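The block underneath contains the structure these notes are about, expressed in structure tokens.
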Amino acid sequence: MSTRHILLGLLASGPSHGYDLKRRHDERFPQARPLAYGQVYTTLQRLVRDGLAEVDGTASDGGPERTAYRATDEGARELERWAVEVAPPAPFVTNEIFAKVVVSILTGGDAGAYLLAQRAAHMGRMRELTALKTAPGADLTTVLSADYALNHLDADLRWMTTTAARLTTLTTEVRTA
């Protein structure tokens, strides 16, 4: 995920300060890793440096001084280019679960037990996400975000089932390679 483009997208609705951008990010992308304040302000500084955003003003309103930022015309064009660009499928899959299965085999561990434990963890997370998306008053952003995560977890579960069924063959291949 491109933090700079997400922040530009949030700035598209008008000037905002870093605190507000962080809060809106966390609301709009509920299943994403929350942004750290330092990441927001560092990204805003880079956007200004690159001419994609500019300072809109500074105010304190009786509290700490806050700087508001707004997207520039170039920032709006950059955001438009990014938003329509098709995200290429990843050329390589980095899968920590698969790596742990292979390492377990290499070290004489119980890869089958690991897959069962990982399956239980995935199922627990799927229950949490299902409860989240079916909770009374769940907004569409939360539902869609949970659906996305659920589909990925489901794919992992199907992979684990297939791998468990092939574990004897995999063990032979890994140990003789």
Side-chain angles (χ1 to χ4, degrees), residues 1-100 118 120-157 159:
M1 182 172 73
S2 170
T3 303
R4 67 189 268 134
H5 291 104
I6 297 299
L7 292 182
L8 278 172
L10 293 171
L11 286 172
S13 62
S16 294
H17 50 77
Y19 174 83
D20 197 36
L21 290 168
K22 186 246 187 295
R23 182 185 52 76
R24 287 176 31 222
H25 169 275
D26 295 350
E27 288 171 359
R28 298 273 189 264
F29 305 97
Q31 297 307 313
R33 178 175 292 148
L35 287 180
Y37 287 106
Q39 184 179 11
V40 171
Y41 290 107
T42 300
T43 303
L44 286 168
Q45 289 170 355
R46 288 184 186 135
L47 289 171
V48 169
R49 178 198 68 201
D50 297 342
L52 303 175
E54 61 190 11
V55 173
D56 189 61
T58 305
S60 65
D61 296 329
E65 189 172 272
R66 293 198 176 152
T67 302
Y69 298 86
R70 69 178 185 86
T72 62
D73 291 341
E74 181 57 31
R77 286 189 294 275
E78 168 66 20
L79 180 62
E80 186 177 328
R81 279 190 297 274
W82 175 81
V84 299
E85 186 178 89
V86 173
F92 303 101
V93 177
T94 303
N95 184 328
E96 184 176 356
I97 298 169
F98 178 64
K100 287 183 177 187
Q118 188 63 57
H122 270 55
M123 295 297 292
R125 181 64 179 141
M126 290 176 86
R127 283 189 291 277
E128 292 169 3
L129 289 166
T130 300
L132 185 67
K133 77 178 223 164
T134 59
D139 59 67
L140 187 56
T141 300
T142 298
V143 171
L144 292 174
S145 183
D147 281 343
Y148 184 85
L150 283 164
N151 280 298
H152 281 266
L153 290 167
D154 183 59
D156 283 352
L157 286 174
W159 178 86

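We count residues from 1, following the sequence as given. Values in this document were obtained by computation on a predicted structure and should not be read as measured data.
Closest of all the heavy-atom pairs between Gly18 and Val40 is O-CG1, 3.7 Å. Closest non-hydrogen pair, Thr141 versus Glu27, comes out as CG2-O, 4.0 Å. The nearest pair of heavy atoms linking His25 to Ile6 is CD2-CG2, 3.7 Å. Nearest heavy atoms, Val143 versus Lys133: CG2-O, 3.5 Å. Between Ser13 and Leu10 the shortest heavy-atom distance is OG-O, 3.1 Å.
Leu132 CG to Thr142 OG1: the interatomic distance, rounded to the nearest 0.5 Å, is 5.5 Å. Here CG of Leu79 is found 12.0 Å from CZ of Arg77. Values are rounded to the nearest 0.5 Å. Here CG of Leu52 is found 11.5 Å from OG1 of Thr43. Values are rounded to the nearest 0.5 Å. Leu44 CG to Leu8 CG: the interatomic distance, rounded to the nearest 0.5 Å, is 9.0 Å. The distance from atom CE of Met123 to atom OG1 of Thr130, rounded to the nearest 0.5 Å, is 9.0 Å. Atoms CZ and CG, on Arg125 and Asp156 in that order, are 13.0 Å from each other to the nearest 0.5 Å.
Checked against side chain to side chain contact (heavy atoms under 4.5 Å, CB included), Ser16 has the following partners two or more places apart in sequence or in another chain: Leu11, Asp20, Leu21, Arg24. Under the rule for a side chain to side chain donor-acceptor pair (under 3.5 Å), Thr134 has no partner lying at least two apart in sequence or in another chain. Residues satisfying the side chain to side chain contact (heavy atoms under 4.5 Å, CB included) test with Ala149, not counting sequence neighbours, are Leu129. Contacts of Arg81 classified as side chain to side chain donor-acceptor pair (under 3.5 Å), with partners at least two apart in sequence or in another chain: Glu74, Glu78.
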Expected list for residues 62-71: side-chain donor-acceptor pairs under 3.5 angstrom, two or more places apart:
from  : atom 1 : to    : atom 2 : distance (Å)
Arg70 : NE     : Glu54 : OE2    : 3.1
Arg70 : NH1    : Glu54 : OE2    : 3.4
Arg70 : NH2    : Glu54 : OE2    : 2.1

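A donor-acceptor contact shorter than 3.5 Å is absent between the side chain of Tyr19 and the backbone of Tyr37. Under the 3.5 Å distance criterion, the side-chain polar atoms of Asn151 are matched with a main-chain donor or acceptor of Asp147.
Ring planes of Trp159 and Phe98: perpendicular class, angle over 60° (limits at 30 and 60°).
Listed by first and then second residue, the ring pair (Phe, Tyr, Trp, His ring centres under 6.0 Å) pairs involving residues 133-152 are Tyr148-His152 (not counting sequence neighbours).
A heavy-atom distance below 4.5 Å is found between the side chains of Thr42 and Arg46.
Salt-bridge annotation for Lys22 and Asp26: present, with a side-chain N of the basic residue lying under 4.0 Å from a carboxylate O of the acidic one.
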